[in-house]
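To start, the structure itself, in structure tokens.
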Amino acid sequence: MVRVLTYGTFDLLHYGHINLLKRAKELGDYLIVALSTDDFNELKGKRAFHDYETRKIMLEAVRYVDLVIPEKKWEQKIDDINTYKVDICVMGSDWKNSDKFDYLKDYCELKFLDRTEGISTTKIKEELGSD
Ligand code: C2G
């Protein structure tokens, strides 16, 4: 049972997120998503349109997702890897060479998948806002 873990806000769930989740699941058998809480989003300087509970419900409805846990702080990742016996941590390529993830390679396999071009939550908000 290969267990995969990824992190994110996943606000206004879109096909870029789905494409990431699909490819992450394809790397193993069980996909855990650590979903940024509203408080942690504030720490990240992000204000999500949907609150944590709504974003969690939406993610749990995605066929590739097996478990959603809260991402409350930057420092929880090693505990997450140990608690959930994670084999592979996967993130989009925008996190490559980041001090937020690189150290995890001592605890599990670390993989970065190409971001899906042309879509982002910010783009959606901007284009909707401009109507
Ligand atoms: N993503 C992607 N393609 C896009 C948009 C997002 O592959 N067009 C990926 C991101 O690279 C990330 C995941 O989808 O791996 C979730 O994206 P966000 O919700 O923006 O997550 P982020 O704010 O980067 O949070 O501790 C890490 C952070 O919680 C990551």
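All ligand and atom numbering here is 1-based and tracks the order in the structure. Atom set for the values below is all heavy atoms of this structure, side chains included, hydrogens, waters and symmetry mates excluded.
- Phe10 N, 2.7 Å is the protein heavy atom nearest to atom 19 (O) of ligand 1.
- Of the options Leu21, Asp94, Leu35, the smallest heavy-atom separation from atom 10 (C) of ligand 1 is shown by Asp94.
- The nearest protein atom to atom 12 (C) of ligand 1, hydrogens excluded, is given as Gly92 N, 4.1 Å; this is a heavy-atom distance.
- The contact set between ligand 1 and Trp74, taken as ligand atoms under 4.0 Å from a residue heavy atom, comprises 26 (O), 27 (C).
- Polar contact with ligand 1: present for Ile119 (N/O pair, distance under 3.5 Å).
- Ranking protein heavy atoms by distance to atom 3 (N) of ligand 1, first place goes to Thr116 N, 3.1 Å.
- Put simply, the side chain of Thr116 reaches to within 4.5 Å of the side chain of Arg23, judged on heavy atoms.
- Of the options Arg47, Lys44, Arg55, a side chain to side chain donor-acceptor pair (under 3.5 Å) to Thr9 is made by Lys44 and by none of the others.
- Close approach of ligand 1 to Phe101 is summarised as follows: ligand atoms under 4.0 Å from at least one heavy atom of the residue are 26 (O), 27 (C).
- Counting heavy atoms of neighbouring residues, nucleotides and ligands inside a 6.0 Å radius, atom NZ of Lys105 exceeds 12 of them.
- The number of heavy atoms from other shown groups lying within 6.0 Å of NZ (Lys125) is above 12.
- Between Glu60 and Lys56 the shortest heavy-atom distance is OE2-NZ, 2.7 Å.
- When hydrogens are left out, the protein atom nearest atom 9 (C) of ligand 1 is Leu20 CG, 4.0 Å; that is the closest non-hydrogen contact.
- With 3.5 Å as the limit, one finds no donor-acceptor pair spanning the side chains of Thr121 and Asp11.
- Each of the atoms 5 (C) of ligand 1 lies under 4.0 Å from some heavy atom of His14.
- A donor atom on one side chain and an acceptor atom on the other are found under 3.5 Å apart for Thr54 and Asp51.
- Considering both main-chain and side-chain atoms, Thr9 comes within under 3.5 Å of ligand 1 through a nitrogen or oxygen pair.
- Looking only at protein heavy atoms, the nearest one to atom 26 (O) of ligand 1 is Glu71 OE2, 2.5 Å.
- The protein non-hydrogen atom at the shortest distance from atom 22 (P) of ligand 1 is Lys46 NZ, 3.7 Å.
- Taking only nitrogen or oxygen atoms, main chain and side chain alike, Lys44 reaches within less than 3.5 Å of ligand 1.
- Taking the centre and axis of the six-membered ring of Phe101, the NZ or CZ atom of Lys77 falls inside the cone set by 45° and 6.0 Å.
- Nearest heavy-atom pair across Leu27 and Val2 is O-CG1, 3.7 Å.
- Distances from ligand 1 to the non-hydrogen atoms of Lys100 include no value under 4.0 Å.
- An N or O contact shorter than 3.5 Å links Trp95 to ligand 1 by distance.
- Of the protein's non-hydrogen atoms, Arg115 NH1, 3.6 Å is the one closest to atom 6 (C) of ligand 1.
- Side-chain contact check for Val33 versus Ile69: every heavy-atom pair is 4.5 Å or farther apart.
- Heavy atoms of Glu117 come nearer than 4.0 angstrom to ligand 1 in no pair at all.
- Taking only nitrogen or oxygen atoms, main chain and side chain alike, Ser36 reaches within less than 3.5 Å of ligand 1.
- For the ring-ring contact (aromatic ring centres under 6.0 Å, His included) criterion with Phe40, the lone passing option out of Trp74, Tyr7, Tyr52 is Trp74.
- In this structure, Tyr107 and Tyr103 have perpendicular ring planes: the angle between them is above 60°, well past the 30° mark.
- Less than 4.0 angstrom separates some heavy atom of Lys77 from each of these atoms of ligand 1: 26 (O).
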